[in-house]
Amino acid sequence: MKILSKSGFAAFVNALIQDTSRDVEGVKAKGPKFVFGPLDSASELRLDYDVTILPPKKYVLPQYENMMKFDIAQGKMVMTEQPKGKIIIGVHPYDIAAIMQMDKFYLDTHVDDGYLARRKNILIIGSNIQNVSEKGFYGAMGTSTVDSGYDLFITDLGDSYAIDIGTEAGGQLLGAACQRDATPEEAQKAKSINDGVAERSRRDLRVKPSSWHDILKKSFDSPVWKEQADKCLVCNSCTLVCPTCFCYDVTDEISLDMNTGLRKRTWDGCMLRDFTSIGSGEVFRENVEDRYRHRFNRKGMYLPDGFGFVACVGCGRCATQCVPDIADPVNLFNKLAAGTTALLAEKQLAPVGVSDLGAASGKGPLFVPMPATMKRVDKLTEDETLFEIGLDNGQPMNYQPGQFVEVSVMGIGEAPISISSAPGRDTFQLVVRNVGDVTNALHAMKAGDKVGIRGPFGTGFDTEGLKGKNLLFIGGGLGIVPMRSFINYVLDHRDDYGQVTILYGCKDPDALLFKDEIEEWDRRDDIQHMRTVDTCVEEENWDGEVGVITTIMPLVTFDPANTIGVVVGPPIMYRFVNKSLLSMGMPEENIIVSLERRMKCGVGKCGHCQINGIYVCKEGPVFNYKDVKQHPEAFE
Amino acid sequence: MSKPRVAFFDFASCEGCQLAIVNLEEAIIDVVGLIDIVSFREAMKEHSEDYDIAIIEGSITRPMDVERIKKIRAQAKILITIGACAHLGGVQRLANQWTPEENKAEVYHRHPGGTEHTTDANKFFNQPRQRAVDEVVKVDAAIPGCPINGTEFAKVLLALLQGKSLPIPDYPVCVECKKNENICVFELGKVCMGPVTRAGCDSACTNRGHECEGCRGLVSDPHMKAQTDVLEKYGLTADDILRRKTTFTYRYEEEAQAQKGGE
C-alpha cells in the first residue's frame with residue numbers, strides 16, 4: 001500500500017487527463033446528484049459522493065453500442081472498432097463487485113469478444129465509501145468492501161490517500177507518482193475506514209443474501225408479487241439503473257444511403273412487455289407480476305444457480321428511482337419473510353469475478369455472422385417457405401438435429417430459426433413462417449441472395465444416446481420443422497433405431513408441410529405414420545384424420561414404457577400431449593420436448609429467452625421433460 | 001425502383017412538425033435523395049397532385065377538412081401522420097369538453113368586437129369536434145410527438161422504404177430518460193407523465209429538467225392506475241391529475257367516456 005498526499009493525487013489525476021492515450025472518467029456532480037463522466041480536471045472529482053445515478057456498467061456495457069457494421073452491396077459484415085480505453089476514477093466497492101459479476105457472465109462459455117476487448121482496456125480506480133446513500137444496503141450484501149476487481153483503490157485518510165495496488169497495470173499507472181509506502185498504522189487506518197462502512201449500510205434487510213434463494217423458491221405463488229406489481233408503473237427504471245441487470249436488445253439501423261449501417265446493442269429490461277414477445281405475437285411473460293417476480297428471481301435464484309453469485313450488490317439505485325417505491329429489495333425480501341421463519345443465515349455469498357482478464361480469450365467475433373447464400377427457395381404454403389442455404393466459405397454446417405441458427409438480413413435484423421434438414425450435406429434447410437421483419441425480408445429473397453448465419457446454437461436431439469430406442473414423434477403445426485431434421489436423420493440411419501412412429505397435426509390441409517416426404521412416410525413399411533387437421537371442408541379431399549393431435553395418439557400402437565416421445569409444437573400442445581403420454585404410461589424421462597422462446601443472441605447473454613433460470617438458447621431448445629417440468633414458466 | 005413521390009399537407013396545427021423536418025438541415029438532403037418531394041408548402045413553391053406518400057400534419061376540424069383528407073387518402077398509397085395533432089387531436093382537442101357555442105362565447109364574446117366574427121354566417125364555427133386523422137380516414141403510420149423528432153421521422157421513412165416495421169417504441173419515456181442519466185424529475189419535486197408515455201423522443205423534455213407532458217400519447221399497456229396513485233402521492237388533486245393527463249391526450253379521456261356511456 002502506498003501513500004499519496006491530496007495535492008499529489010490531484011497532480012496524478014491531472015497527468016492522467018493530460019495523457020490522451022486513455023479517456024479519464026470520474027465521479028462528478030450533476031445538480032444535487034452524481035454521475036460518472038469525462039473529467040476535465042481533478043478538481044471536478046467528487047469522491048465524497050454517495051451514489052451515482054447510473055452505475056459504471058455504462059462503460060463496460062454502454063447504453064448504446066455498435067456491435068457490427070455492414071455494407072449490403074459488398075455483402076460485408078465486420079465488427080466495429082472499440083472506443084478508446086478508459087480510466088474510471090472513484091468506483092465504490094459495490095460497483096466493483098457488480099463489474100466482476102458482469103465479467104464472469106459475459107466471459108462465460110461463449111466469450112463476448114467485443115465486451116472483452118473493451119473491458120481489457122478499462123482501468124478501475126476504486127474509492128472508499130465516504131458517504132452512505134439513503135437506500136444503500138451493501139453492508140448487508142457483503143459488498144461494502146472488495147479485495148480485488150480494481151487496478152488501484154484509494155482510501156481517504158484525511159490529509160492523504162492510501163492507495164492499494166490491485167493489478168500490475170494499476171502499479172504501472174501509478175508509476176513514479178507515488179514513492180512512499182504506507183506505514184503499518186496508515187494501512188490499518190485505511191482498513192478500518194473501509195471495514196467501518198458495513199455497519200452504516202445494512203439498513204434493515206432481514207433476509208441475508210444467502211437465504212434469498214430459499215425464500216424465493218418458497219414464494220413463487222406468494223400474493224406479494226401481485227400486490228406490488230399492481231402499483232408498478234412498468235417503466236423499467238429499476239433494471240436500467242441496476243449494475244447487475246445486463247440484458248440487452250439488438251437492432252439494425254440503416255443509414256440514409258440505404259446500403260451501409262450498424263447493428264446496435266442497447267439496454268433492455270425484463271419489466272417491459274416486449275422483452276418476451278416473439279414474431280408470432282406470443283408474449284411469454286404477459287402479466288406484470290410475472291415480470292416483477294422474474295426480476296427478483298433472476299437476482300436471487302437464477303444467477304446464483306448458474307454463476308454462483310447473488311446478482312444484487314445493495315447499491316439501492318432501484319429503490320431510489322422507483323417512484324411508487326416497490327423496487328427496493330430490502331422491502332421486498334422483508335415482505336416475503338413476514339410469512340416465513342428461519343431465514344437469517346449468516347453466510348454471505350461473496351462476489352465472484354474473473355481474476356485474470358488477460359487470460360480470457362474469445363474464439364473470434366461472437367456476433368458477426370458468416371456470409372451465406374440462398375441456394376434454393378421453395379414456397380411450401382401461403383405463409384411458409386423453405387430456404388436451402390450454403391455457407392460462402394464452402395464448409396458444410398456441422399450441427400445436430402434440433403439445433404438452430406441466427407439468420408441475418410443486413411439492415412433488417414437477426415432471427416433465430418431451427419434447422420429443418422438432416423445433417424451430413426453441404427447445405428442446410430430452414431423453413432420459415434412469415435411473421436416478422438426478418439422473416440418478411442427472407443420471404444422476398446430468391447436463389448443467389450445473401451444472408452448472414454451465426455451458429456449452430458443450442459442443444460440438439462441426442463442422436464447417439466437414442467440409438468436402438470423406439471421413437472414416437474409428435475409434431476404440431478410448425479413443430480414439424482425442427483423435428484424434421486431428426487426424423488430425416490433417423491430415416492437416413494433407419495437401422496440404428498427401433499420402432500418409428502410419426503404423428504403430425506396441423507390447422508387445416510393447406511397448412512400441411514413437406515407433402516412429398518409425407519407420401520414417402522405413407523409408402524414405407526418400416527415406419528408408422530398418422531396425420532390430422534383441426535378442421536377441414538369436404539372439397540379438400542383430406543385423407544387423414546380430423547381432430548386435435550391427442551385424438552390420434554391412441555390410434556397407433558407403441559409400447560409407452562419402452563418408447564421415447566419426441567414432442568414439438570406450440571406452447572398449448574405440450575400441456576395436452578404430455579399429459580396424455582404420461583397417462584398412457586410413458587415415464588416422464590422418456591419425453592423430449594423442444595421449446596420456443598424469444599431467442600435473440602443465441603449464446604445466453606441477452607436474457608430474452610429465459611424460462612425461469614434456464615437460457616433456452618444455450619441449455620435448450622431441446623430438453624428432457626423431467627428437467628424442465630418443475631419450471632412453472634415452461635408450459636404455462 | 002423509381003423514387004416514391006411524397007407530398008406534405010397541413011390541417012389544424014402550428015406546422016411545427018414540418019419545421020422539425022426542415023430543421024434536419026444537412027440530413028434532409030440525404031432524405032430528399034431517397035424520395036421525390038412534390039409538395040411541401042413550408043419548404044418549396046412547386047405543388048403537384050400526383051403523389052404516392054401523403055404526410056399529414058394537424059387535426060381534422062371543419063367539414064371542409066373532412067372532404068380534403070378523404071381526397072388525399074384516395075390519392076395516396078401510404079398516408080403517414082406527423083405530430084400530436086394528427087395522432088391524437090392535439091391540445092386543441094381540449095375544446096371538445098365544451099359545445100361549440102360555449103367555446104365561441106369563451107373565446108370571442110368576452111372581448112369587445114369579438115362577436116362580429118361569430119355570426120351564424122361564419123361557417124368556421126359550424127365545426128363538429130376536433131378529431132385525429134385516423135378517426136376520419138385510414139392511417140398507415142402515425143409518428144407521434146409535439147413536435148415530432150426529426151431523427152425519428154427519418155428512421156420511419158427509411159423503415160417504410162425497407163419494408164420494415166416502424167421503429168416507434170412501445171415502452172415508456174423513462175427507458176430513454178434513464179439511459180440519458182437524467183435526474184428523475186419526481187426527485188426534483190415535479191410530476192411527470194414519462195412512466196406511461198410512449199418513448200422515441202429521446203426524453204427531450206426531461207433531458208432539460210422539464211416534466212414530460214405526454215405529447216406522444218400512451219404506451220399500449222399503460223398502468224394508469226399506478227400513475228394516478230403516484231400523482232396523488234405527489235400532492236396533485238383529481239382535477240390537476242386530469243388536466244395533467246389530458247393536455248395532449250384528451251382523446252383517451254373521450255374514448256374512455258364513450259366506452260362508459262356505451263356500457
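Just so it is clear, the values below take in all heavy atoms, side chains as well, and ignore hydrogens, waters and symmetry mates. A, B, ... follow the sequence lines: proteins, then strands. Residue 1 opens every chain.
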* To do: Hey, could you give me the NZ/SG distance between B:Lys178 and A:Cys238, rounded to the nearest 0.5 Å?
  => 10.0 Å

* **Portion of A:Asp252 that has a non-hydrogen atom of chain B nearer than 4.5 angstrom** => both

* Structure fact -> The interface call for B:Asp221 against chain A, heavy-atom contacts under 4.5 Å, is side chain

* Structure fact -> When rounded to the nearest 0.5 Å, the distance separating CD of B:Glu181 from OG1 of A:Thr52 is 6.5 Å

* To do: Using non-hydrogen atoms and a 4.5 Å limit, figure out which bit of A:Phe275 sits close to chain B: side chain, backbone, both or neither.
  => neither

* Asked: Measuring heavy-atom distances to chain B, does A:Leu240 have an atom under 4.5 Å in its side chain, in its backbone, in both, or in neither?
  -> side chain

* Structure fact -> Scored by heavy-atom pairs under 4.5 Å with chain B, the best of A:Asp325, A:Ile412, A:Val234 is A:Ile412

* To do: Select one option (side chain, backbone, both, neither) describing which atoms of A:Val288 are under 4.5 Å from chain B's heavy atoms.
  => side chain

* Structure fact -> Under 4.5 Å to a heavy atom of chain B? For A:Lys231 that would be backbone

* Asked: Which region of A:Thr251, side chain (C-beta onward) or backbone (N, CA, C, O), has a non-hydrogen atom less than 4.5 Å from a non-hydrogen atom of chain B, or is it both or neither?
  -> neither

* Any side-chain heavy-atom pair of A:Val323 and B:Cys184 under 4.5 Å -> yes

* Asked: Among B:Asp229, B:Asn182, B:Val219, B:Leu157, who wins on heavy-atom pairs under 4.5 Å with chain A?
  -> B:Asn182

* To do: Over all heavy atoms of both residues, which pair between B:Ala226 and A:Asp230 is shortest? Give the atoms and the distance, please.
  => CB-O, 4.0 Å

* Structure fact -> Whatever's closer than 4.5 Å to a heavy atom in chain A on B:Lys164 counts as both

* Among the listed options B:Lys233, B:Gln227, B:Gln162, the residue most often paired with chain A at heavy-atom distances under 4.5 Å -> B:Gln162

* Structure fact -> Between the CG atom in B:Leu158 and the CD atom in A:Glu253, the distance rounded to the nearest 0.5 Å is 9.5 Å

* Under 6.0 Å from the NZ atom of B:Lys155, do we count more than 12 heavy atoms belonging to anything else shown? -> no

* NZ/NE/NH1/NH2 to OD/OE distance under 4.0 Å, A:Lys33 and B:Glu187 -> yes

* Asked: By a 4.5 Å heavy-atom criterion (distance strictly below it), what part of B:Val175 contacts chain A: side chain, backbone, both, or neither?
  -> both

* To do: Could you have a look at A:Val241, A:Ile254, A:Asn236, A:Leu272 and say which one has the most heavy-atom pairs with chain B under 4.5 angstrom?
  => A:Ile254

* To do: State the CH2-NZ distance between A:Trp267 and B:Lys179, to the nearest 0.5 angstrom.
  => 8.5 Å

* Could you state the interatomic distance from CD1 (B:Ile183) to OG1 (A:Thr320), rounded to the nearest 0.5 Å? -> 12.5 Å

* Structure fact -> Value for CD (A:Gln321) from SG (B:Cys174), rounded to nearest 0.5 Å, stands at 9.0 Å

